[in-house]
Amino acid sequence: MEFKKISEYLNGVLVIMPEVYEDERGFFMEVYREDQFKKMGITDQFKQENHSGSIKNVLRGLHFQWEPPMGKMMRVTSGEAFLVAVDIRKNSSTLGRWFGETVSSKNRKQVWAPAGFARGFCVLSDFAEIQYLSTGVYNSKAESGIQWNDPEIGIKWPIQNPILSAKDIQAQTLHEWLAKSESNYFKIQT
């Protein structure tokens with residue numbers, strides 16, 4: 001996704017317009033992207049921040065990226081959502097286990113999930129906005145997903161009949177990912 005520099009004030013204050021993807025589920029936009037911001041003269045050391053808006057019962061995930069490995073700090077800035085992290089690290093004692101937390105703009109909780117976890121969420125309020133800081137820049141060639149309802153993981157989602165993207169409907173099981181993934185992906189460092 002692209003950013004446009006609309007104007008500049010006071011020798012460095014920039015007005016930037018992000019590209020926004022919208023569909024019937026809501027919207028998605030990258031809020032920060034290090035490589036594109038550097039081109040505009042912003043050299044502060046960040047990687048990426050994303051902002052997602054979704055209607056009630058939208059379920060996004062379970063997503064992950066391996067190159068570069070991406071950890072995420074997630075928060076809900078409007079509404080309420082159930083945030084989930086699934087351990088997909090091959091040599092982890094908690095491989096295939098999940099954690100979920102209801103997070104809202106009112107309780108202001110944040111969920112950190114390091115690289116090696118697949119992450120997702122479902123929206124509980126009429127509309128919710130989720131923002132997440134990422135430790136790596138998005139790479140479409142090194143990202144994938146795990147089925148939101150993989151029976152071997154057994155996530156207890158607090159909604160019925162989720163609204164899903166075509167990509168999430170076609171996601172693989174954790175077993176399928178582990179069988180075809182490189183042995184070096186998401187190994188716990190000893």
Side-chain angles (χ1 to χ4, degrees), residues 1 18-33 48-66 70-89 94-136 138-140 142-178 186:
M1 299 182 86
E19 183 178 352
V20 178
Y21 173 78
E22 293 184 276
D23 65 13
E24 66 279 1
R25 300 172 298 144
F27 75 93
F28 172 84
M29 65 185 211
E30 294 176 348
V31 176
Y32 177 81
R33 186 158 163 174
Q48 187 170 320
E49 180 179 10
N50 299 321
H51 187 160
S52 172
S54 302
I55 61 174
K56 187 173 188 166
N57 292 326
V58 163
L59 191 152
R60 297 183 189 261
L62 302 160
H63 304 148
F64 60 94
Q65 177 174 303
W66 62 89
M70 185 183 285
K72 292 181 183 177
M73 176 70 76
M74 298 176 66
R75 67 188 185 118
V76 176
T77 56
S78 176
E80 183 177 61
F82 185 67
L83 309 183
V84 172
V86 177
D87 189 348
I88 61 171
R89 299 171 296 177
T94 58
L95 174 66
R97 293 179 59 189
W98 65 277
F99 170 80
E101 181 76 21
T102 299
V103 177
S104 70
S105 56
K106 290 182 181 179
N107 72 22
R108 297 186 177 105
K109 291 180 181 178
Q110 296 184 74
V111 175
W112 163 249
F117 283 78
R119 287 149 305 247
F121 64 85
C122 67
V123 175
L124 304 175
S125 53
D126 288 337
F127 189 81
E129 295 187 29
I130 292 87
Q131 291 183 286
Y132 40 100
L133 294 169
S134 301
T135 63
Y138 176 69
N139 177 3
S140 64
E143 59 94 20
S144 192
I146 302 294
Q147 281 180 357
W148 68 277
N149 61 349
D150 184 335
E152 289 187 35
I153 298 170
I155 298 171
K156 305 262 189 280
W157 295 99
I159 63 171
Q160 301 290 323
N161 302 314
I163 301 167
L164 303 163
S165 70
K167 182 178 176 179
D168 289 342
I169 290 170
Q170 298 169 5
Q172 66 203 325
T173 65
L174 178 58
H175 179 77
E176 289 168 330
W177 162 252
L178 293 171
F186 304 134

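Heavy-atom basis, side chains included; hydrogens, waters and symmetry copies ignored.
To the nearest 0.5 Å, the span separating CZ on Phe64 from CD1 on Ile146 amounts to 4.5 Å. Taking CZ of Phe127 as the start and NZ of Lys56 as the end, the distance is 14.0 Å to the nearest 0.5 Å.
Asp87 contributes no side-chain N or O that, together with a main-chain N or O of Gly96, makes up a donor-acceptor pair within less than 3.5 Å. For Arg60 (side chain) and Val58 (main-chain N/O), no donor-acceptor pair under 3.5 Å exists by modelled atom type. Listed for the Ser104 side chain is a donor-acceptor partner under 3.5 Å among the backbone atoms of Lys106. A donor-acceptor pair under 3.5 Å is absent between the side-chain atoms of Ser125 and the main chain of Gly79, judged by distance alone. A donor-acceptor contact shorter than 3.5 Å links the side chain of Asp168 to the backbone of Gly61. A distance-only check finds a donor-acceptor pair linking the side chain of Gln48 to the backbone of Tyr138 [under 3.5 Å]. The closest donor-acceptor contact from the side chain of Gln65 to the backbone of Ser144 lies at 3.5 Å or more, if one exists at all.
Proximity of the aromatic rings of Phe28 and His51 is defined here by a centroid distance below 6.0 angstrom, and this criterion is not met.
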Could you give the side-chain donor-acceptor pairs of residues 153-164 under 3.5 Å, partners two or more places apart or in another chain?
unit_1, atom_1, unit_2, atom_2, d
Trp157, NE1, Trp148, O, 2.8

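Under a 4.0 Å N-O distance rule, the pair Lys167/Glu143 qualifies as a salt bridge.
Considering only heavy atoms from C-beta on, Lys72 comes within 4.5 Å of Ser134 through its side chain.
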